[in-house]
Every structure is written in structure tokens, then in C-alpha cells.
Novice: 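Below is a structure I'd like to ask you about.
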Number of protein chains: 2
Amino acid sequence: MPNWTLHRGDALTLLPTLDTLVDAVICDPPYNSGGRTNADRRAQGARDKYVSSDAAHTLPDFDGDTRDQRGYTHWLGLVLANTYRLTRSGGSALVFTDWAQLPATSDALQAAGWTWRGIIPWRKPISRPVKDGFRRECEYVLWGSRGAPLRHAPTIYLPGWLEGSQPRGKTRVHITQKPVAVMRQLVRIAPEGGTVLDPCAGSGTTGVAALQEGLHFIGIEQSPTCATSAEGRLAAA
Amino acid sequence: MPNWTLHRGDALTLLPTLDTLVDAVICDPPYNSGGRTNADRRAQGARDKYVSSDAAHTLPDFDGDTRDQRGYTHWLGLVLANTYRLTRSGGSALVFTDWAQLPATSDALQAAGWTWRGIIPWRKPISRPVKDGFRRECEYVLWGSRGAPLRHAPTIYLPGWLEGSQPRGKTRVHITQKPVAVMRQLVRIAPEGGTVLDPCAGSGTTGVAALQEGLHFIGIEQSPTCATSAEGRLAAA
DNA sequence: CCGGGCGGTGAATCGGCCC
DNA sequence: CGGGCCGATTCACCGCCCG
């Protein structure tokens with residue numbers, strides 16, 4: 001029976017106090033990328049940047065989305081270095097990013113010691129059209145490993161791209177919530193019975209997917225509101 | 001009736017001598033990314049890196065695939081800066097890259113003066129599975145613009161995701177040849193009756209797509225073998 | 001219970017106005 | 001003149017309602 005733990009608080013404060021070794025780190029940080037100017041990025045909350053001005057839902061805003069690109073790279077590098085320490089040799093990191101922060105994310109991943117292994121695009125069928133230009137309908141997952149990637153037994157083959165829309169309606173509790181089906185593909189990078197760590201757990205989708213795949217889960221979430229709904233979802237899973 | 005020109009020679013030598021203004025630059029440079037180490041990358045020709053050792057075809061090798069990452073960024077930045085000079089305000093650049101060179105390519109694009117506008121993944125359904133890991137089945141097109149992107153009349157909406165396998169069999173004349181259907185989507189970023197420039201024309205697929213979409217085409221190709229087959233394909237289109 | 005139709009939305013972006 | 005703020009915009013897709 002897989003088990004789970006959710007720590008409440010700041011990732012950079014809590015990670016140094018942990019000592020359980022894990023097999024995979026899956027992280028969906030605030031991208032810090034909305035807005036055209038640095039002032040836009042720093043001044044607004046995530047809701048103002050990422051949610052349509054006429055959206056009817058009342059999902060809560062989230063913190064930690066006010067860094068400029070250098071600050072973001074540095075912060076993410078620290079988080080990833082702390083998770084690297086907790087990861088077994090052969091373990092993997094999977095980090096979400098949008099197109100604009102992809103190069104910064106690859107810098108942070110490699111600065112933290114991970115070997116960069118690839119990009120897995122995530123295609124979102126419900127996305128805004130762009131007038132006179134190419135639609136921006138993908139987010140991206142960067143894959144890194146600690147040393148040579150683990151050999152699985154039996155051998156597994158994971159997809160090179162993902163597809164899935166954000167949950168809608170009453171199952172949605174977070175502005176940037178990921179579909180469980182997408183996360184279930186990703187957590188399979190951990191070996192059978194392994195442990196997955198998510199330092200930016202949000203609404204806990206990574207944990208739900210891990211439990212469904214028979215993996216243990218350790219999460220960290222700063223926002224009390226998110227942590228509470230994550231605990232509910234994890235307990236139900 | 002759209003017309004085309006193909007210059008034979010090195011892009012960095014020829015670009016400064018051109019003075020026709022263009023609406024879009026589409027470029028598929030040698031990625032310089034095969035091999036695990038810098039020594040691997042520099043020692044081999046493109047054929048050894050990108051083609052299976054048991055491949056049955058005998059397509060010619062290509063030059064310009066022996067730079068390390070710093071050299072690649074610098075070279076690509078020079079090419080893109082020279083094409084920037086020839087591009088009308090509001091025009092676009094579309095640059096192909098694989099996952100490993102994506103950050104370097106975004107650096108070069110922006111260093112050359114272009115505003116980075118997004119990433120369009122290109123999925124190649126025929127790709128090798130990765131043992132115990134995520135398949136690498138996408139390449140990426142980086143979109144940049146010179147100033148604010150041109151307003152089209154009528155307004156167009158271009159895709160954020162491309163699919164198409166590399167040509168096989170006797171229609172394939174180049175190791176890294178792109179499908180015409182994919183290139184036709186991309187050249188549409190140029191306005192009706194506009195001109196497309198490809199400084200690394202290869203087998204001329206960009207030009208074929210441009211002509212089919214009613215656009216003019218200017219290409220540059222270094223390899224005499226490739227240039228000859230490109231001329232054949234362009235004349236037929 | 002199933003199918004068709006309708007209404008709402010998106011990890012924004014852009015133009016324009018005001019200070 | 002530059003920066004900040006406001007509101008209009010776009011359509012494929014998904015969920016829900018109703019027949």
C-alpha cells in the first residue's frame with residue numbers, strides 16, 4: 001500500500017530538513033513568465049496574468065510568481081539542487097515550463113547537477129488562437145537524470161509527447177492544475193514501488209498520479225489553501 | 001507567378017552581398033548536436049551521427065556539422081543577424097532545432113535582434129523508442145519576429161503543433177529532409193505574394209513549399225550536390 | 001441512457017489611452 | 001516619450017443540459 005506525506009511550508013526551507021531518498025522529482029513551479037515587461041511580471045498576481053479577464057471562476061491566486069528571469073533561474077536552481085541531494089543515483093527529475101522559460105529551466109536543471117536528457121512537449125487542445133501567428137498550445141517537461149538513468153525491470157518505454165486538457169468544472173481547484181492522465185505517464189519514470197517527490201505540490205495532482213501508479217509520494221506546498229485541498233485529494237486516492 | 005533564386009556558396013559569405021528584402025526567413029541549420037561529447041560531435045560527419053549504422057540508403061554526408069555548442073551559437077547568431085538585415089519590419093524568422101540545441105538557438109535568435117515569439121513542436125511519428133525513458137520524437141521550430149508581427153489581411157491563424165514523418169524512399173534526397181506539408185504550414189507566416197529566404201536550403205523543401213503557397217523564394221546552399229537536386233525540385237514546383 | 005446542441009474558457013496577448 | 005493599466009479579443013474543445 002503506497003503512502004504519502006505532505007509538508008506545509010516553503011520548499012527551500014523544508015528540503016534541507018528532509019532525508020528520505022527518492023527515485024523521481026516532479027516539479028511544476030510557478031513559471032514567472034506572464035506579462036510583457038519585468039514590471040508586469042513582478043507587479044501582478046498569477047491570476048491577473050494567466051486567467052482571462054472575463055473568466056467566471058473564482059480559483060485562488062498563487063504566490064511565488066513575481067521573479068524576473070535571473071531570479072527565477074537562481075531560485076529554481078536552488079530547489080533542484082536540494083532535490084538532487086535527495087535523489088538516488090539513476091533517478092530522474094521532470095520539470096514543467098512554458099516556452100518562454102524553457103532555456104532558463106534547462107540552465108537551472110543543469111546547474112543543479114542533473115544531466116539533461118530531453119524535452120517532452122505537453123499539448124493542450126483547449127488553447128487560445130494567436131492572431132496572425134502560431135498558436136502557443138504546448139507546455140514542456142524537461143527530463144534530467146542523476147547519472148545514467150535507472151534500468152527498469154521489466155523494460156519500459158515512455159511517450160515522447162503528452163496530450164490533455166486542464167480539468168474543468170468542479171474537479172478544478174487550482175489555476176494551473178494538470179490532468180491526472182498526463183501526470184500518470186510521467187511518474188512511471190520511477191521504478192515499481194519507488195518514491196516521487198514534488199516540492200511545488202499545488203493541488204496534489206502529482207501525488208494522486210503517483211498513488212494510482214502504486215508509488216509513494218512526498219510533497220511540499222506553501223499555500224495553506226492548496227495544501228488542504230491536496231490532502232483531501234491524496235486521502236481519496 | 002512566383003519566382004525563385006538559388007545561390008551556391010557559403011551563407012555567411014553570400015548574405016552580405018544580397019539586397020532583396022524578404023518577409024520571412026526559414027532556416028534548418030545543421031544542429032551540431034549528435035554524439036555525447038564534444039569530441040564525438042567534432043570528429044564525425046553528419047552521416048555517422050544521424051544515420052543508423054545499418055541504414056540502407058546512401059545519401060550524401062553534409063558539411064558544417066562539426067561545431068561545439070559555443071561555436072554553433074556564434075555561427076547561427078551571425079547567420080540570423082545577416083538575415084535580420086534583409087527582413088522587412090514585421091517579418092518573421094523560423095529556425096529548426098532539436099531539443100539539445102533549443103536554448104542555444106533561442107540565444108542566437110535573440111542575439112541577432114529578433115524578438116522571440118514562441119516554439120512550435122514538430123512531431124515525427126517515425127522515431128526510435130528510448131529504453132527505460134521518454135521517446136525523443138519531436139524537433140522544434142523557434143519563431144522570432146522583427147518588431148511587432150505583421151498584420152495579415154485577411155487575418156490568419158497558424159497551428160501550434162506540426163506532425164509529419166520525414167520523406168522515405170526515392171523522394172528523399174537529403175539526410176534531414178523535412179516534409180513539404182510541414183513547411184507549407186510554416187511559410188504561411190509570410191504575407192500573400194511575399195518572399196521567403198532560406199540560408200541553409202538543403203534539398204530545397206522550404207522553396208518548394210513557398211512556391212506551392214504562391215510565395216517567392218531565395219535560397220542559399222553550400223553543397224553542390226544538394227544545390228543541384230534543389231534546383232531540380234524547385235523547377236518542378 | 002444516449003446524442004446533439006449550446007455556452008463557457010484558456011500558465012494571454014495586443015492595442016490604445018492615460019499619466 | 002516611456003511605462004503602466006485596461007479591456008477586447010479568438011476558436012477549438014469540453015462539460016453540461018435537455019430532449
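In what follows, chains carry the letters A, B, and so on, assigned in the order in which the sequence lines appear, proteins first and then strands, with residues in each chain numbered from 1. Quick caveat, the model's predicted, so the values are computed rather than measured.
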Novice: Under a 3.5 Å cutoff, is there a donor and acceptor pairing between the side chains of A:Ser145 and A:Arg117?
Specialist: yes
Novice: Pick one: which of B:Phe134, B:Trp122, B:Trp161 meets ring-ring contact (aromatic ring centres under 6.0 Å, His included) with A:Trp161?
Specialist: B:Trp161
Novice: Among D:dG15, C:dT13, C:dA11, which is the nearest nucleotide to the side chain of A:Arg168?
Specialist: D:dG15
Novice: Crowded around A:Arg70 CZ? As in, over 12 foreign heavy atoms under 6.0 Å?
Specialist: no
Novice: Measuring to OP1 and OP2 of C:dG10, would you say a side-chain N or O of A:Arg172 lies under 4.0 angstrom away?
Specialist: yes
Novice: CD of A:Glu139 versus P of C:dG10: gap in Å, rounded?
Specialist: 13 Å
Novice: In whole Å, I'd like the distance from the OH atom of A:Tyr50 to the C1' atom of C:dG10.
Specialist: 14 Å
Novice: Rounded to whole angstrom units, what separation is found between the OH atom of A:Tyr72 and the P atom of C:dA11?
Specialist: 16 Å
Novice: According to a cutoff of under 5.5 Å between the ring centres and under 30° between the ring planes, does A:Tyr31 stack with the base of C:dA11?
Specialist: yes
Novice: Only one of A:Trp116, A:Trp143, A:Tyr140 clears ring-ring contact (aromatic ring centres under 6.0 Å, His included) with B:Trp99; which?
Specialist: A:Trp116
Novice: If you check the A:Val51 side chain, which of C:dA11, C:dG10, C:dT9 turns out closest?
Specialist: C:dG10
Novice: Which part of the nucleic acid does A:Phe62 contact within heavy-atom distance under 4.0 Å: base, sugar-phosphate only, or nothing?
Specialist: base
Novice: Rounded to the Å, how far apart are A:Leu76 CG and C:dA11 P?
Specialist: 20 Å
Novice: Closest nucleotide of DNA chain D for A:Arg128 versus for A:Pro125: which of these residues is on the 5' side?
Specialist: A:Arg128
Novice: Here's a test for you: under side-chain hydrogen bond (donor to acceptor under 3.5 Å, both in side chains), which of A:Arg136, A:Glu139, A:Arg135, A:Gln166 qualifies with A:Ser127?
Specialist: A:Arg135
Novice: Is it the case that more than 12 heavy atoms not belonging to A:Asp10 sit under 6.0 Å from its CG atom?
Specialist: yes
Novice: According to the Watson-Crick and G-U wobble definitions, with both distances under 3.5 Å, which nucleotide is paired to D:dG2?
Specialist: C:dC19
Novice: Donor-acceptor pair, distance only, cut-off 3.5 Å: does the side chain of A:Asp132 make one with the backbone of B:His152?
Specialist: yes
Novice: Examine C:dT13: is either OP1 or OP2 under 4.0 Å from a nitrogen or oxygen in the side chain of A:Arg136? Give yes or no.
Specialist: yes
Novice: Hey, does the side-chain of A:Lys178 have a donor or acceptor N/O within less than 3.5 Å of a partner on the base of C:dA11?
Specialist: yes
Novice: Look at all strands and tell whether A:Pro29 reaches a base, only sugar-phosphate, or nothing, counting heavy atoms closer than 4.0 Å.
Specialist: base
Novice: Can you tell me how far P of C:dT13 sits from CD of A:Glu137, to the nearest Å?
Specialist: 14 Å
Novice: Please report, rounded to the nearest Å, how far the P atom of C:dA12 is from the CG atom of A:Asp98.
Specialist: 8 Å
Novice: Does A:Asp28 contact C:dA11 through a side-chain donor or acceptor facing the base, at a distance under 3.5 Å?
Specialist: yes
Novice: B:Ile156 has an atom CD1; how far is it from atom P of D:dT10, in whole Å?
Specialist: 14 Å
Novice: Using atom CG of A:Asp132 as one end and atom C1' of D:dT9 as the other, report the distance to the nearest whole Å.
Specialist: 13 Å
Novice: Counting just side-chain N and O atoms, does A:Gln166 come under 4.0 Å of either OP1 or OP2 of C:dA11?
Specialist: yes
Novice: What does C:dA11 pair with, Watson-Crick or G-U, if both distances are under 3.5 Å?
Specialist: none
Novice: Among C:dA11, D:dC13, D:dC11, which nucleotide sits nearest the side chain of A:Pro129?
Specialist: D:dC11
Novice: Between A:Lys124 and C:dA11, is there a contact of a side-chain N or O with OP1 or OP2 at under 4.0 Å?
Specialist: yes
Novice: Between D:dC11, C:dG10, C:dA11, which one does the side chain of B:Tyr157 approach most closely?
Specialist: D:dC11
Novice: Please give the distance between the C1' atoms of C:dA11 and C:dG7 as a whole number of Å.
Specialist: 24 Å
Novice: Side-chain N or O of B:Arg117 versus OP1/OP2 of C:dC14: is the shortest distance under 4.0 Å?
Specialist: yes
Novice: Output the single nucleotide from D:dC11, C:dA11, D:dA12 whose closest atom is nearest the side chain of A:Ile126.
Specialist: D:dA12
